[in-house]
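Since the structure comes first, as structure tokens, the remarks are kept for the end.
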Amino acid sequence: MNTPKHVAIIMDGNGRWGIENRKSRNLGHKEGLKTVEKIIKLSIKNNIKFLTLYAFSTENWKRPNFEIKFLLSLLESFLKEKIDELNNNGIKLKIIGELKRFPKKIQINLKKAQKKTYKNKKLELILALNYGSKSELVNAIKLIKKKNISINERSVDNSLYTKGIPNPDILIRTGNTNRLSNFLLWQLSYSEIFFVKKMWPDFNERDYKNIIEKFKKIKRNFGNI
Ligand code: FPP
């Protein structure tokens, strides 16, 4: 039986949920953050060691300014209000993505939060922020060229933001959309993918548990028979 170590999630559907239930996309994001907090706890409960959440993509900058500002304010308050709790629960925070485009204050707080939780071992919470897989791969190739080392799978692995992190066993995408949206394209090569119809704010413990149980029963061949 497989036990998943790393779960990656594309948390899609906040906007639609918000319009449908609160007449506001931003209130959908606010509700989505509650699901984030639940899923972190449930990941620990299910002995998941790495949880990667796609919180802001390189493409999300195209959204209206008030939505971008709101998402950044949610991130800021999450860092401010939750970092001690994460730390006390043994959670290590790691950011993947290009942080330079974020306001200086957020960059500093993200660095502080990573430093504070660096030694924690219970769960590694990886937040993908201003993350795009193609740009991650281009950066990796540039790094390899700069170091003048040979190009092989190992050197690419070691040049990605996710260096040292095992590839996701499971990818979940909520929001009734079946695509990868420039997320971990290299790292998801052999992941089991679960597309869920529900919007992210409605994703619950039973949905998560069902996916983990289904995963446990899958025969994973990795190209073998
Ligand atoms: C996709 O839904 C979701 C996002 C772009 C943002 C995800 C953010 C959160 C869950 C809250 C903040 C999280 C942290 C960790 C601080 P969408 O807006 O594309 O939904 P739609 O497809 O219905 O428009």
Side-chain angles (χ1 to χ4, degrees), residues 7-44 48 50-87 89 91-99 101-103 105-114 116-117 123-133 161 171-184 195-204 207-208:
V7 176
I9 309 184
I10 302 176
M11 310 179 286
D12 195 16
N14 288 345
R16 279 166 286 162
W17 188 96
I19 295 291
E20 179 86 19
N21 295 280
R22 304 274 194 277
K23 295 190 171 55
S24 146
R25 289 183 54 82
N26 282 350
L27 292 181
H29 293 308
K30 195 172 170 196
E31 200 68 23
L33 185 55
K34 291 186 191 161
T35 308
V36 167
E37 287 164 16
K38 270 188 261 165
I39 293 302
I40 294 172
K41 291 196 178 103
L42 290 171
S43 297
I44 293 182
I48 305 290
F50 301 86
L51 174 68
T52 302
L53 302 177
Y54 205 4
F56 198 92
S57 75
T58 46
E59 288 75 25
N60 286 152
W61 296 108
K62 294 178 199 154
R63 296 190 174 201
N65 215 12
F66 74 93
E67 184 166 337
I68 296 176
K69 275 200 169 148
F70 189 82
L71 282 167
L72 295 183
S73 74
L74 279 184
L75 175 64
E76 243 187 311
S77 55
F78 176 74
L79 286 174
K80 206 165 140 196
E81 289 159 23
K82 299 286 167 190
I83 195 62
D84 286 332
E85 190 183 324
L86 295 182
N87 197 29
N89 286 317
I91 298 169
K92 172 178 174 176
L93 182 71
K94 158 112 183 140
I95 307 300
I96 57 170
E98 188 54 73
L99 289 190
R101 211 171 152 180
F102 286 103
K105 197 172 148 209
I106 293 190
Q107 291 185 40
I108 292 169
N109 287 341
L110 285 168
K111 277 189 194 136
K112 271 192 197 158
Q114 287 179 96
K116 187 170 191 164
T117 59
L123 170 76
E124 186 158 343
L125 172 64
I126 302 146
L127 290 186
L129 292 171
N130 192 24
Y131 174 87
S133 189
Y161 298 131
L171 170 75
I172 300 170
R173 181 179 187 140
T174 57
N176 199 19
T177 305
N178 303 356
R179 56 173 171 257
L180 294 180
S181 299
N182 202 13
F183 187 50
L184 302 173
F195 292 113
V196 178
K197 288 199 167 62
K198 279 187 180 177
M199 304 296 127
W200 176 246
D202 286 332
F203 188 73
N204 62 28
D207 301 319
Y208 197 30

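Worth knowing before you read on, the calculation uses all heavy atoms, side chains too, and leaves out hydrogens, waters and symmetry mates. Each ligand, and each atom within it, is numbered from 1 in the order the structure gives.
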Do any heavy atoms of N60 fall under 4.0 Å from ligand 1?
yes
Check: T58/R101 side-chain N/O donor and acceptor closer than 3.5 Å
no
Of all the non-hydrogen atoms in the protein, which one sits nearest to atom 22 (O) of ligand 1, and at what distance?
D12 OD1, 2.9 Å
Can you list everything that forms a side chain to side chain donor-acceptor pair (under 3.5 Å) with T52? Sequence neighbours excluded, please.
H6
Hey, is R25 touching ligand 1 through its side chain, its backbone, both or neither, going by heavy atoms under 4.0 Å?
side chain
Does some side-chain heavy atom of R22 sit less than 4.5 Å from a side-chain heavy atom of N26?
no
Could you check whether any heavy atom of G175 sits closer than 4.0 Å to an atom of ligand 1, since that is the contact criterion I want to use?
no
Identify, for atom 9 (C) of ligand 1, the protein heavy atom at the shortest distance, and state residue, atom and that distance.
N14 ND2, 3.7 Å
Counting C-beta onward and ignoring hydrogens, is there a side-chain heavy-atom pair between L72 and P103 closer than 4.5 Å?
yes
Compute the centroid of each ring, for W61 and then for F102, and state whether the two points are separated by less than 6.0 Å.
yes
Is it the side chain (CB and beyond), the backbone, both or neither of R63 that lies under 4.0 Å from ligand 1, heavy atoms counted?
side chain
Heteroatom proximity flag, G32 to ligand 1, N/O under 3.5 Å
no
Protein heavy-atom partner closest to atom 11 (C) of ligand 1 - residue, atom, separation in Å:
H29 O, 3.8 Å
When only distance counts, is W200 in polar contact with ligand 1, meaning an N/O pair under 3.5 Å?
no
In this structure, atom 3 (C) of ligand 1 is nearest to the protein heavy atom M11 O, 3.2 Å
I'd like to know if the side chain of T177 reaches the main chain of G175, judged simply by a donor and an acceptor atom lying under 3.5 Å from each other, with no hydrogens or angles considered.
yes
For R16, the ligand 1 atoms with a heavy-atom partner under 4.0 Å come out as 21 (P), 22 (O), 23 (O)
Among G18, S181, G28, G15, whose heavy atom sits nearest atom 20 (O) of ligand 1?
G15
Is there side-chain contact between W200 and I9, with heavy atoms separated by less than 4.5 Å?
yes
I126 versus L53: any side-chain heavy-atom pair under 4.5 Å?
no
Side chain T117, main chain L93, donor-acceptor under 3.5 Å
yes
Of the protein's non-hydrogen atoms, which lies at the shortest distance from atom 15 (C) of ligand 1, and what is that distance?
L127 CD2, 3.9 Å
One finds that the ligand 1 atoms under 4.0 Å from a non-hydrogen atom of L33 are 13 (C), 14 (C), 16 (C)
Could you list the atoms of ligand 1 found under 4.0 angstrom from a heavy atom of A55?
6 (C), 7 (C), 8 (C)
Would you indicate whether the side-chain heavy atoms of E37 and F78 approach each other to under 4.5 Å?
yes
Does W17, backbone or side chain, put an N or O under 3.5 Å from an N or O of ligand 1?
no
